[in-house]
There are 2 protein chains.
Amino acid sequence: MPTIKDVAKKAGVSPSTVSRVVNNHPRISQETREEVLQAMDEIGYHPNVIAQNLVNQTTNTLGLVMAPSTEEAFADPFYAEVLRGIGSMAQKNGYSLLLITGDEEGGELEATLRAVRGKQVDGLLLLRAKKSDKLTDKLNEMNFPFVVVGRPEEEDKNYWVNNDNVQSSKELVEYLINLGHNKIGAFIGSEEYIVDQDRLKGYKLALKSHGIDYNQDYIVQIESGKQEKAYRFTKDLLNSYPELTALYGIDDRIAYGAIKAVKELGFKIPEDIAIVGFNNNPLSELIEPALTTVDINTYELGRKATSLLIQVITEQVTSYCNDIVPTDLIVRESCGGKND
Amino acid sequence: MPTIKDVAKKAGVSPSTVSRVVNNHPRISQETREEVLQAMDEIGYHPNVIAQNLVNQTTNTLGLVMAPSTEEAFADPFYAEVLRGIGSMAQKNGYSLLLITGDEEGGELEATLRAVRGKQVDGLLLLRAKKSDKLTDKLNEMNFPFVVVGRPEEEDKNYWVNNDNVQSSKELVEYLINLGHNKIGAFIGSEEYIVDQDRLKGYKLALKSHGIDYNQDYIVQIESGKQEKAYRFTKDLLNSYPELTALYGIDDRIAYGAIKAVKELGFKIPEDIAIVGFNNNPLSELIEPALTTVDINTYELGRKATSLLIQVITEQVTSYCNDIVPTDLIVRESCGGKND
DNA sequence: TTGAAAGCGCTAACAA
DNA sequence: TTGTTAGCGCTTTCAA
C-alpha cells in the first residue's frame, strides 16, 4: 500500500505538500495540486485513516452502546428502528459507527470504557437508559461527549433525547377513560428502567385527573417484550380481577400476549376487554384486532440523538440540553372507539 | 490522558517494558511487572488503541457492509438477527464491529473501499449478495479478507456462508404440493438478488419433480419486504387467476400483505387459499393465521460467517470454502395440514 | 506557496 | 530481563 511518501516522491514534492492537498488546504498552487492529485491517482494512494486518527486525536466515529446484551438488543424492533435513524444521520455527517455490546450483564460498561479510553470513538450514543447508571457517571466524570436516548435520571446533567413518555402514556390512558374504562390493568416493566416508570406515571396521572382511584393490584410487573409472560400474567390477572375492562401493555409485544390470552379466555376485543400497547411495532397493524398504540417515532429519535451528539462533539452545543420527539396516538381496533 | 511514557517514568522503567507488560510478554520479571501494573493503576493508564492499530497494522475490527441502504437494512429483521449472531461471535473473539452503509444506491461500495484502504478494518462481512457485485471483484483483486453472507455468484472464488435456499424452497413448495396444491402463485424478488433466484429455482424444481407445469404468469416480481405492494399485487393476482389455491411469499412480510388481501377478498385461510412465507420473522407466529414458513437460522448464519471471517483473517483457512446453515420448515396454520 | 523536522502513542529489533 | 532506537503514516509548526 502506497504511503504519502510514495506520492511525494512521485510528484516531486514533500510529504507535507501531499498532506495539504489531501486535506484541501487552501494555500497551495493549482499547479502542484494537480500534479499531486495525478500522482495519487497513478499509484493508487489512499490515506491511512488510522494514522490520521492518531495524529488528529479524533476518529470521526461514534460508539453505539447497546444495553444490556446484543442478543436482546437486536431482537427488539426499537433498536432496529433507532439504528436506522442513527445510521442515516451519522452517514450524512461523515461519521462511522462502532457497535459496542457487552457479553454479559453489565459487560457493556467495560467494553465502552475500553473504546473510550482507547480513543476509538469521539462520542457515544447510549441506547436505553437505566435508572442508576454507572456508565453515565463515569463518562461525565471523564467529561466525555455522549447522548442518552431516553431520559436519564439526572435530567440536567446529561444530554438526552426522548419521547415524553409521561405525557403520551397519560393521553393513551385518557383515551381509554373517555371510552368509559376505569378499571385498567397494566403490565409495566422493571423499576430499573426510566421509560417504564415514566409510562406508569402517565397512567397514574390520567386516573388522577379523572378522579379514578389508583389500584396497585391492577399493575403487574413484567420485562418488556416478554410476550409469553404477558400471556400467562393476563390470564392470572383477569381471573383475579374480573372487573377489569381494559389492559395496557408497556410494549406492543406485551399487548400481543395479552390479546392471545384474552381471546382464549373467551372474551371479545374490544367489546369485553379493550387493549392498548406502546411503541407501534410494525406488526400491530396486522394483528387482529389491530392494536391501538402510541407511535414513538423511533427513527426520528435516532436522528435527533445523533445530530445532538455531533453538535456536542464539535462543541456547537456546550451546556446540557435535551430534545423531545413527539409521539402519536395510533387508534386502531383494539379498543373500539375508532371515531373518538 | 496518560501515555506509556508517563507510566514508564512513574515505574522507573522504559516505555518498552511497559509495553511488554501491557501485552503480556512472557520474558519479564514478576517484580517489574507488578511495579508497572501498579504504576498503570495509579495514574489510570489505558493503551491508546489507535496508536496500537497504527504500529500493529491491524485493528481487530470487522466491517459490516449493509446493502443497499441503512434505511432499508435495519427495517428487515433478517439484519437484526444476523447482527445478533455476528455480534456474539465477534465479541467472543475480541473483535469490534464497524457498521458500513451507503447513503445512496451503491454508496456502500465507496464507503467500504474507504474503510478498507484506510485500514480501518481487518476484514469484511458482506450481508446480502448481489448477482454482479463490483465490491467482491474489487476486494478479491486487493486480496482483502471478506466473507459473503449468502451465496455469491462465483461460488468457488469467495468465502461464503449460506442457507441452501434452493433446497429449502423446494421443500416448502413440495409441502404445498403434498397438501394438494398445484396452482401456486409466488411473489419473488428482483433478478439482481441471488437469494431470490435460488428460491425461485427451488419452486420450479418442486413443480417439476411432481410433474406440474410451471406457469410464468403465476410469478410476480416484488421487492422483498414490501408488504404494501404485496397486498395490492395479491388482489390483482387472485382476480386474474382465480384458480390459484396457494400463495408463496419470498419473505414473511410479503406473506403478511398477501394475508391481509386474501382476507379482504373474503377468502378463508387456509381453506380457500394456503399461504407460506420465508425467513420465519418473529411476527409470523403471532399473525392470524400463524404463518407456515422456513426458519433460515439467521443467528447461526451470522455466527458462522463471523467465525469463518476470523479464520480467514488469522490465516487459519487459506483456500476458498463455504458453509451451509440448515433450515427448518416451520409448519403453522396458514396451510392447514398441521399433521402432515 | 513549499519543505524540514518534530511528534502523535505505541511496538519491536537489536544490543546490552 | 531490560533499554535504546527507529519507525508505523500522518499533520503541523516554523522557517524559507
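So that the names make sense, note that chain A is the first sequence line, chain B the second, and so on, each numbered from 1.
- Separating the NZ atom of A:Lys9 from the P atom of C:dG3 is a distance of 14 Å, rounded to the nearest angstrom.
- Summarising the geometry, the separation between CG on B:Asn23 and P on C:dA13 is reported as 13 Å, rounded to the nearest angstrom.
- Listed nucleotides: C:dT2, D:dT1, D:dG9. Nearest to the side chain of A:Asn48: D:dG9.
- Within 6.0 Å of the CD atom in A:Glu315, the count of heavy atoms belonging to other residues, nucleotides or ligands does not exceed 12.
- Checked against D:dC10, C:dT2, D:dC8, the side chain of A:Gln52 finds its nearest nucleotide in D:dC10.
- Contacts of A:Val13 with the nucleic acid, taken as non-hydrogen atoms under 4.0 Å apart, involve only primed sugar atoms and P, OP1 or OP2.
- Under 4.0 angstrom from either OP1 or OP2 of D:dG3 there lies at least one side-chain N or O belonging to B:Thr17.
- The distance from atom CD of B:Gln120 to atom P of D:dG9 is 16 Å, rounded to the nearest whole Å.
- Comparing B:Arg33 and B:Val55 by the nucleotide of DNA chain D that holds the closest heavy atom to each, the one mapping nearer the 5' end is B:Arg33.
- Nucleic acid contact for A:Asn53: none, since no nucleic acid atom lies under 4.0 Å from a heavy atom of the residue.
- What you find for B:Pro15 and B:Ile4 is that their closest heavy atoms are O-CD1, 3.7 Å.
- Applying side chain to side chain contact (heavy atoms under 4.5 Å, CB included) to A:Tyr159 and the options A:Val317, A:Asn322, A:Asp323 leaves one that passes, A:Val317.
- When the C1' atom of D:dC10 is taken as reference, atom CD1 of B:Ile50 falls 13 Å away, rounded to whole Å.
- Protein atom NE2 of B:His46 is 16 Å distant from nucleotide atom C1' of C:dC10, rounded to whole Å.
- Counting any heavy atom pair closer than 4.0 Å across all strands shown, A:Ser16 reaches a base atom.
- With C:dA12, C:dC8, C:dT2 as the candidates, the nucleotide lying closest to the side chain of A:Gln57 is C:dC8.
- Listed pair B:Thr3 / C:dC8 fails the phosphate criterion, with no side-chain N or O lying under 4.0 Å from OP1 or OP2.
- Annotation: the span from A:Lys10 atom NZ to A:Glu42 atom CD amounts to 4.5 Å, rounded to 0.5 Å.
- Rounding to the nearest 0.5 angstrom, the gap separating the OG1 atom in A:Thr306 from the OH atom in A:Tyr95 is 11.0 Å.
- The nearest heavy atom of DNA chain C to A:Ser14 and to B:Pro2 marks one nucleotide each, and the one closer to the 5' end goes with A:Ser14.
- Taking only side-chain nitrogens and oxygens, B:Thr32 comes nearer than 4.0 Å to OP1 or OP2 of D:dT2.
- Checking D:dC10, C:dC10, C:dT1 against the side-chain heavy atoms of A:Ala51 singles out D:dC10 as nearest.
- The nearest whole Å value for the distance from the CZ atom in B:Arg20 to the P atom in D:dT5 is 14 Å.
- Atom pair B:Lys5:NZ and C:dC10:C1' shows a separation of 10 Å (rounding to whole Å applied).
- As rounded to whole Å, 8 Å separates atom C1' of C:dC10 from atom CG of A:Leu54.
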